[in-house]
Amino acid sequence: MKKKIIRFLKVAIFCTVCVLYNACSCLIGNPGEDVYYQDVKVINKSGETIYALEFMFKDSTLLTPQYVFEVFGGKLLIETENDSSFIGKIPIPDNELQDNDKYQVIIFKQSTLDKYSKEEIIKQNIFDKRYELSYNELKKMNFKITYSGN
């Protein structure tokens with residue numbers, strides 16, 4: 001009988017601690033959780049495979065081939081076949097300062113990567129297209145970017 005009471009008390013204490021932990025964690029929250037994102041669909045209509053990198057700088061920094069291949073090592077490039085798409089993300093701004101942050105996508109066609117070495121691409125700043133769009137500009141476009149190859 002004594003063992004049953006001790007076991008019951010242990011279970012009750014454990015349940016109480018779990019409930020309190022969940023209640024406190026809901027009140028405290030995680031600082032990174034209050035940022036909400038909007039999907040951005042990038043559609044490839046170029047007639048060939050493309051390689052793209054999407055990024056958002058907090059300042060006026062431009063996404064360049066040097067960032068793509070030297071800073072990021074080219075590992076973040078997203079391969080997208082013709083008539084396919086990929087989904088990027090942009091934070092939904094919660095103040096006027098963030099309204100001007102630019103979502104950037106830089107695109108390299110397969111033919112460009114075949115024609116030039118990575119060193120030439122970096123040195124000559126070669127890319128096929130770069131989009132620099134604010135949240136409001138993307139909103140007007142229904143959060144869709146269509147790359148036609150031009």
Side-chain angles (χ1 to χ4, degrees), residues 11-150:
V11 170
I13 290 170
F14 176 77
C15 290
T16 303
V17 168
C18 288
V19 168
L20 288 174
Y21 176 78
N22 284 333
C24 290
S25 64
C26 288
L27 293 174
I28 294 170
N30 185 339
E33 287 181 21
D34 59 349
V35 175
Y36 297 100
Y37 291 90
Q38 170 65 48
D39 287 347
V40 178
K41 187 174 188 177
V42 180
I43 305 162
N44 178 14
K45 293 288 186 181
S46 70
E48 64 180 286
T49 300
I50 62 169
Y51 296 85
L53 178 69
E54 52 110 22
F55 203 78
M56 189 158 177
F57 292 103
K58 294 281 182 195
D59 55 23
S60 61
T61 303
L62 287 177
L63 186 56
T64 64
Q66 183 177 11
Y67 272 102
V68 172
F69 294 108
E70 288 183 351
V71 177
F72 300 122
K75 296 176 184 172
L76 300 177
L77 284 171
I78 302 165
E79 180 180 354
T80 308
E81 294 181 13
N82 186 47
D83 288 327
S84 295
S85 62
F86 71 88
I87 304 294
K89 294 199 178 298
I90 183 172
I92 298 171
D94 59 0
N95 63 52
E96 288 180 24
L97 290 174
Q98 292 176 342
D99 285 344
N100 296 321
D101 290 347
K102 296 290 184 180
Y103 173 79
Q104 297 182 53
V105 178
I106 191 166
I107 295 174
F108 304 91
K109 292 191 287 190
Q110 180 67 57
S111 58
T112 302
L113 296 176
D114 291 343
K115 185 175 180 180
Y116 301 100
S117 69
K118 288 181 185 175
E119 293 77 21
E120 290 174 304
I121 289 171
I122 293 167
K123 186 176 181 181
Q124 298 176 35
N125 200 35
I126 299 169
F127 56 90
D128 292 292
K129 184 74 174 181
R130 178 177 44 224
Y131 295 93
E132 303 167 60
L133 301 163
S134 69
Y135 181 85
N136 288 329
E137 290 169 325
L138 284 164
K139 189 175 184 178
K140 289 177 187 173
M141 300 167 63
N142 269 347
F143 299 100
K144 290 181 184 173
I145 298 171
T146 302
Y147 174 64
S148 64
N150 299 327

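Given the structure is predicted, the values throughout are model-derived calculations rather than measurements.
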(request) Assess the side chains of Ser134 and Asn136: does a donor N or O sit below 3.5 Å from an acceptor N or O? (result) no
(message) Quick one, Val42 and Thr80 - any side-chain contact, counting heavy atoms below 4.5 Å?
(response) no
(request) Any pair with a residue in residues 126-137 that passes salt bridge (Lys or Arg N to Asp or Glu O under 4.0 Å), sequence neighbours left out, goes on the list, sorted by first then second residue, please. (result) Lys102-Glu137, Arg130-Glu132
(request) Might you work through the side-chain contact (heavy atoms from CB on, under 4.5 Å) test for Tyr116 and Lys123, ending with a clear yes or no? (result) CA-CA 11 Å; Tyr116 301 100; Lys123 186 176 181 181; over 6 Å; no
(request) Any ring-ring contact (aromatic ring centres under 6.0 Å, His included) involving residues 58-85? Give me the pairs, sequence neighbours left out, ordered by first then second residue. (result) Phe55-Phe72, Phe57-Tyr67, Phe69-Phe108
(message) Return the CG to CG distance between Leu138 and Leu133, rounded to the nearest 0.5 Å.
(response) 4.5 Å
(request) For the residue pair Val40 and Tyr131, establish whether any side-chain heavy-atom pair is separated by less than 4.5 Å. (result) no
(message) With a 6.0 Å cut-off (strictly less than), is the heavy-atom count around CD of Glu81, excluding the residue itself, greater than 12?
(response) no
(request) Any chance you could measure Ile92, atom CD1, to Tyr135, atom OH, to the nearest 0.5 Å? (result) 4.5 Å
(request) Please test Tyr103 against Ile145 for side-chain contact (heavy atoms from CB on, under 4.5 Å), starting from the C-alpha separation and ending with a verdict. (result) CA-CA 11 Å; Tyr103 173 79; Ile145 298 171; 4.2 Å; yes
(request) Quick one: closest heavy-atom pair of Phe86 and Val105, and the distance? (result) CZ-CG1, 4.4 Å
(message) Whether the side chain of Gln104 engages the backbone of Leu63 through a donor-acceptor N/O pair (distance < 3.5 Å, no angle test) should be reported.
(response) yes
(message) Does any part of the side chain of Asp39, heavy atoms only, come nearer than 4.5 Å to the side chain of Phe143, both counted from C-beta?
(response) no
(request) Kindly write out the residues that satisfy salt bridge (Lys or Arg N to Asp or Glu O under 4.0 Å) with Asp114, not counting sequence neighbours, or none if the list is empty. (result) none
(request) Could you pull out the closest heavy-atom pair between Ile126 and Pro65, with the gap in Å? (result) O-CG, 3.3 Å
(request) Would you sort out whether Gln110 and Ile50 count as a side-chain contact (heavy atoms from CB on, under 4.5 Å), showing the intermediate values? (result) CA-CA 6 Å; Gln110 180 67 57; Ile50 62 169; over 6 Å; no
(request) Taking the side chain as every heavy atom from C-beta outward, state whether Leu62 and Ile106 have any atom pair closer than 4.5 Å. (result) no
(message) Counting C-beta onward and ignoring hydrogens, is there a side-chain heavy-atom pair between Ile122 and Glu70 closer than 4.5 Å?
(response) yes
(request) Please confirm whether the backbone N or O of Ser111 pairs with a side-chain atom of Glu48, one donor and one acceptor, at under 3.5 Å? (result) yes
(request) Identify the two heavy atoms, one from Pro91 and one from Met56, that lie closest to each other, and give their separation to 0.1 Å. (result) CD-SD, 3.5 Å
